[in-house]
Amino acid sequence: MTARFYVTTPIYYVNGAPHIGHAYTSIAADVVARFHRLSGHDVFFLTGTDEHGQKVEQAAQAADVAPKEFVDAISANFRDMADAMAISYDDFIRTTEPRHIKSAQALWQKVADSGAIYLGAYEGWYALRDECFYSEDELVAGPDGTKRAPTGAPVEWVKEPSYFFRLSDYQDKLLELYETHPEFLGPNSANRELVSFVKQGLRDLSVSRTSFKWGIPVPGDDAHVMYVWFDALANYLSALDYPDTDAPRAAFWPANLHLVGKDIARFHAVYWPAFLMAAGLEVPRKVFANGWWTVEGEKMSKSLGNVIDPRDLVQEFGLDAVRFFLLREVPFGGDSDLSRKSLIMRNNVELANDLGNLCQRTLSLVARNCDGIVPERRELTEEDSKLLGQVAVLPNLMASQIERCALTDALEDVWKVIRAGNAYIDHQAPWALRKTDVERMKDVLRVLLDTLRGIATVLQPFMPQSMDRMLTQLGVEAAERSFAALDVILPAGRTLPAPQGIFPRYVEQAPE
RNA sequence: GGCGGCGUAGCUCAGUGGUAGAGCAGGGGAAUCAUAAUCCCUUGGUCGGAGGUUCAAAUCCUUCCGCCGCUACCA
């Protein structure tokens with residue numbers, strides 16, 4: 001049976017334009033999805049947008065458009081960003097779609113039937129003017145000493161009827177989950193924080209609101225709409241046509257990996273498994289939280305005006321250079337800084353000099369000295385076997401890295417082989433062999449072609465467009481690009497196209 | 001306040017008991033097939049401070065200093 005793999009990004013909240021952080025999570029998920037496809041697995045890769053809530057309702061009102069019209073535009077913008085970043089999603093779900101509403105309500109009903117939902121009251125400081133609740137520590141003292149909202153609006157303590165989820169019943173079950181499945185939440189730092197959070201004790205969770213209307217009606221009580229997490233998290237099931245367990249996609253549950261930003265790790269690793277347990281469903285295999293990006297050392301913020309649209313970077317540096325940079329720069333899971341200098345450095349040193357140039361020098365030697373025809377694979381020397389051996393283990397080596405979301409380490413493994421390839425070509429010096437031993441020169445070039453093929457194959461998930469071009473230049477047909485295909489060496493005699501640079505060096509324009 | 005993380009070469013980081021590592025940057029050399037890219041050699045660290053356990057500690061314990069995260073209804 002073919003292994004199934006279900007990977008998700010968060011559904012992005014449509015209260016603003018997509019930025020580099022959204023692209024980052026999506027690219028990471030895309031790499032995982034593409035890697036599993038190349039491994040021959042049956043992959044379902046989901047992304048989408050989260051479109052309900054009071055903030056959206058208010059933003060639409062402020063823009064003087066209907067909420068639906070408002071979210072249509074922003075959702076389309078997120079989808080455009082995903083397409084621009086070559087995110088190979090199999091489905092793009094929107095929480096305003098009927099299929100999602102139906103699913104979320106079914107999930108609610110299932111959880112309610114289990115007795116895990118009850119009607120209570122949500123209490124808090126409410127500002128009528130802002131139509132919004134504030135927490136105690138957000139409040140400021142007004143001029144007359146009374147409590148005020150940060151906006152200056154007067155607040156009052158109010159009770160609003162609300163449905164609650166019995167989260168407190170799940171503390172022990174959750175702790176057991178973390179203990180028996182230490183890989184459930186990554187990276188480790190997030191895991192430790194979470195365990196200590198849950199150990200502090202869990203309170204029941206308010207899961208509905210009556211203070212706004214832009215949401216999914218609670219089954220059986222139209223006065224309420226579902227509050228954020230119950231609505232949003234359900235997307236991972238609604239895309240599988242839950243509760244229709246006969247649907248073809250239903251077999252993808254439980255999800256293998258939810259990739260999320262670290263701000264929402266808790267919701268995915270505490271609330272979500274608790275909801276699922278209450279509904280009698282399996283919990284996801286893994287949740288992994290990635291860090292934040294700063295820009296030139298500073299936090300991204302609208303007020304600083306340094307929010308980066310990933311599409312602008314792609315315009316200037318090319319898609320694959322950006323994808324590569326984001327995953328290469330800093331261990332996946334931690335925070336990272338995006339600077340012009342480091343982006344250009346990675347592009348020039350690792351893509352242009354190390355990989356691009358290795359490919360270019362090999363292909364031009366083949367073009368010039370072998371009439372552009374792939375030579376035979378013949379007897380291998382010790383050096384030949386050593387290099388090819390390093391290439392051969394890459395798919396398995398990277399699979400174990402990707403299993404634990406160590407995307408940066410997976411790239412480092414490939415770069416070790418690329419550096420070894422550059423050392424090999426220098427030591428073998430096929431340009432010298434041309435004059436002394438033409439047959440050996442051909443053997444060396446053949447080893448290099450096979451090495452590059454292996455490298456380009458395993459890098460496809462990270463840089464799909466460039467590696468497509470590289471494999472074409474190496475004479476590798478579309479059907480010969482999976483990991484399994486690496487077991488069969490290319491037939492000799494193929495004529496290669498004229499070599500063309502894959503990764504140009506980036507030269508910074510003079511500032512004046 | 002409570003819980004947790006981090007502090008290792010100029011920079012970014014790896015390294016959880018056994019003679020300090022990688023990449024980049026710096027220095028010297030080789031080669032000239034190639035996008036002037038590459039390869040080889042090399043300088044450089046009392047592993048935040050102090051104390052302790054041990055035959056042996058960056059690695060375990062205590063304490064101090066500095067930075068950061070989490071501390072629930074926030075998308």
Side-chain angles (χ1 to χ4, degrees), chain A residues 10-16 22 49-56 95 122 124 133-135 137-138 162 164-165 167 187-209 227-233 260-268 270-271 291-292 328-331 334-337 341-342 345-346 348-369 408-409 412 415-416 418-434 441 444-445 448 499-507:
Chain A
I11 46 173
Y12 300 112
Y13 198 52
V14 293
N15 64 344
H22 300 110
T49 44
D50 179 12
E51 311 186 2
H52 288 127
Q54 191 167 30
K55 282 191 186 175
V56 166
T95 57
Y122 178 69
F133 280 92
Y134 292 99
S135 67
D137 54 2
E138 278 180 298
S162 170
F164 281 81
F165 173 76
L167 188 62
N188 284 333
S189 53
N191 199 337
R192 278 189 285 263
E193 281 180 7
L194 189 87
V195 169
S196 80
F197 169 78
V198 174
K199 279 185 176 163
Q200 285 172 34
L202 296 171
R203 298 201 295 269
D204 287 349
L205 187 70
S206 164
V207 289
S208 78
R209 285 288 186 276
Y227 188 59
V228 25
W229 294 107
F230 217 102
D231 175 349
L233 290 164
V260 299
K262 65 180 183 181
D263 55 329
I264 57 174
R266 186 198 313 141
F267 309 117
H268 283 77
V270 181
Y271 302 173
W292 295 143
R328 180 72 174 105
E329 182 65 6
V330 159
D335 289 349
S336 331
D337 182 58
K341 191 180 156 198
S342 52
M345 187 77 87
R346 287 285 176 194
N348 286 358
V349 173
E350 297 192 329
L351 293 182
N353 296 357
D354 288 347
L355 175 56
N357 189 47
L358 176 62
C359 185
Q360 182 72 9
R361 64 203 300 212
T362 300
L363 288 173
S364 51
L365 284 164
V366 171
R368 191 161 313 155
N369 303 307
T408 310
D409 294 342
E412 178 58 25
W415 251 258
K416 280 182 182 144
I418 293 170
R419 288 184 206 114
N422 270 317
Y424 174 88
I425 195 173
D426 267 45
H427 294 155
Q428 300 300 321
W431 48 90
L433 290 168
R434 179 182 53 180
M441 175 201 73
V444 166
L445 293 177
L448 283 163
Q500 282 186 312
I502 307 272
F503 296 110
R505 286 177 62 80
Y506 185 90
V507 181

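Note that these values count all heavy atoms, side chains included, but never hydrogens, waters or copies made by symmetry.
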Using a 3.5 Å cut-off and no angle test, enumerate the donor-acceptor pairs between side-chain atoms of residues 195-203 of chain A and protein atoms at least two apart in sequence or in another chain.
{"from": "Ser196(A)", "atom 1": "OG", "to": "Glu193(A)", "atom 2": "O", "distance (Å)": "3.1"}

Any strand is fair game: report the nucleotide pairing with G66(B) by Watson-Crick or G-U wobble, both distances under 3.5 Å, or none.
C6(B)
Counting the atoms with a prime plus P, OP1 and OP2 as sugar-phosphate, which does Tyr12(A) contact under 4.0 Å by heavy atoms, base, sugar-phosphate, or nothing?
nothing
Counting only side-chain heavy atoms from C-beta out, which of A34(B), U71(B), C40(B) sits nearest to Ser364(A)?
A34(B)
In Watson-Crick or G-U wobble terms, both distances under 3.5 Å, what is the partner of C60(B)?
G52(B)
Hunt down the Watson-Crick or G-U wobble partner of G1(B), both distances under 3.5 Å, from any strand shown, or write none.
U71(B)
Select one nucleotide: of U38(B), U35(B), C33(B), the one nearest the side-chain heavy atoms of Asn422(A).
U38(B)
Under 4.0 Å, counting only non-hydrogen atoms across every strand here, what does Ala423(A) touch: a base, just sugar-phosphate, or nothing?
sugar-phosphate
How close do Glu51(A) and Thr49(A) get, heavy atom to heavy atom, and via which atoms?
OE2-OG1, 2.6 Å
Leu365(A) side chain, from C-beta outward: closest of C33(B), A72(B), C40(B):
C33(B)
Test side-chain contact (heavy atoms from CB on, under 4.5 Å) on Asn357(A) and Arg505(A); report intermediate values, then the result.
CA-CA 10 Å; Asn357(A) 189 47; Arg505(A) 286 177 62 80; over 6 Å; no
Tell which nucleotide pairs with C39(B), taking only Watson-Crick or G-U wobble pairs whose two distances are both under 3.5 angstrom.
G29(B)
Applying a 4.0 Å non-hydrogen cut-off, can you work out what Asp354(A) is touching in the nucleic acid: base, sugar-phosphate, or nothing?
sugar-phosphate
Candidate nucleotides U35(B), C70(B), C39(B), ranked by approach to the side chain of Glu193(A) - the nearest:
C70(B)
From the set A72(B), A34(B), G4(B), return the single nucleotide nearest to any side-chain atom of Tyr271(A).
A72(B)
Once you round it to whole Å, what is the distance between C1' of C33(B) and CG of Asn357(A)?
9 Å
Could you walk me through whether Trp229(A) and Val270(A) pass side-chain contact (heavy atoms from CB on, under 4.5 Å), step by step?
CA-CA 11 Å; Trp229(A) 294 107; Val270(A) 181; over 6 Å; no
Could you check whether Asp204(A) gets within reach of a base, just the sugar-phosphate, or nothing at all, counting any heavy atom under 4.0 Å?
base
Partner lookup for G45(B), please. Criteria are Watson-Crick or G-U wobble with both distances under 3.5 angstrom; report none if nothing qualifies.
none
Need one value for Arg505(A): base, sugar-phosphate or nothing, where a base atom within 4.0 Å counts as base even if backbone is also close, heavy atoms only.
base
U32(B) and U46(B), which share atom name P, separated by this distance in whole Å:
41 Å
Using a 4.0 Å heavy-atom cut-off, does Leu194(A) contact any base of the nucleic acid, only the sugar-phosphate backbone, or nothing at all?
nothing
Kindly indicate whether the side chain of Thr95(A), heavy atoms from C-beta on, has any atom under 4.5 Å from the side chain of Tyr13(A).
no
Between CD of Glu412(A) and P of G15(B) the distance, given in whole Å, is 13 Å
May I ask you to say what Ile11(A) touches in the nucleic acid, namely base, sugar-phosphate or nothing, with a heavy-atom cut-off under 4.0 Å?
nothing
Looking for any heavy atom pair under 4.0 Å, which part of the strands does Arg266(A) touch: base, sugar-phosphate only, or nothing?
base
So what does Asn15(A) touch, heavy atoms closer than 4.0 Å: a base, only the sugar-phosphate, or nothing?
sugar-phosphate
Got Ile425(A) and Leu365(A) here, is their nearest side-chain heavy-atom distance under 4.5 Å?
yes
Atom-pair distance (CG on Asp409(A); C1' on A14(B)), nearest Å:
9 Å
Look at all strands and tell whether Gly421(A) reaches a base, only sugar-phosphate, or nothing, counting heavy atoms closer than 4.0 Å.
nothing
Measure from the side chain of Ser196(A), starting at C-beta and using heavy atoms only, and say which of C24(B), C3(B), U32(B) lies closest.
C3(B)
Identify the heavy atoms of Pro430(A) and Met441(A) that sit nearest to each other, and give their distance.
O-CG, 3.6 Å
Regarding the side chain of Arg434(A), the nearest nucleotide among C33(B), A37(B), U38(B) is C33(B)
OP1 or OP2 of A34(B) less than 4.0 angstrom from a side-chain nitrogen or oxygen of Arg368(A), does that happen here?
yes
Regarding the side chain of Met345(A), the nearest nucleotide among A34(B), C39(B), C24(B) is C24(B)
Touch class at under 4.0 angstrom, heavy-atom based, for Leu358(A) against every strand present:
nothing
Nearest-neighbour nucleotide for the Arg203(A) side chain, C33(B), A72(B), C74(B) considered:
A72(B)
Please determine whether any donor N or O and acceptor N or O are separated by less than 3.5 Å between the side chain of Asn353(A) and the base of A37(B).
no
Please determine if a side-chain N or O atom of Arg361(A) lies less than 4.0 Å away from the OP1 or OP2 oxygen of A37(B).
no
Atom-to-atom span, NZ of Lys341(A) to P of C24(B) - whole angstrom:
15 Å
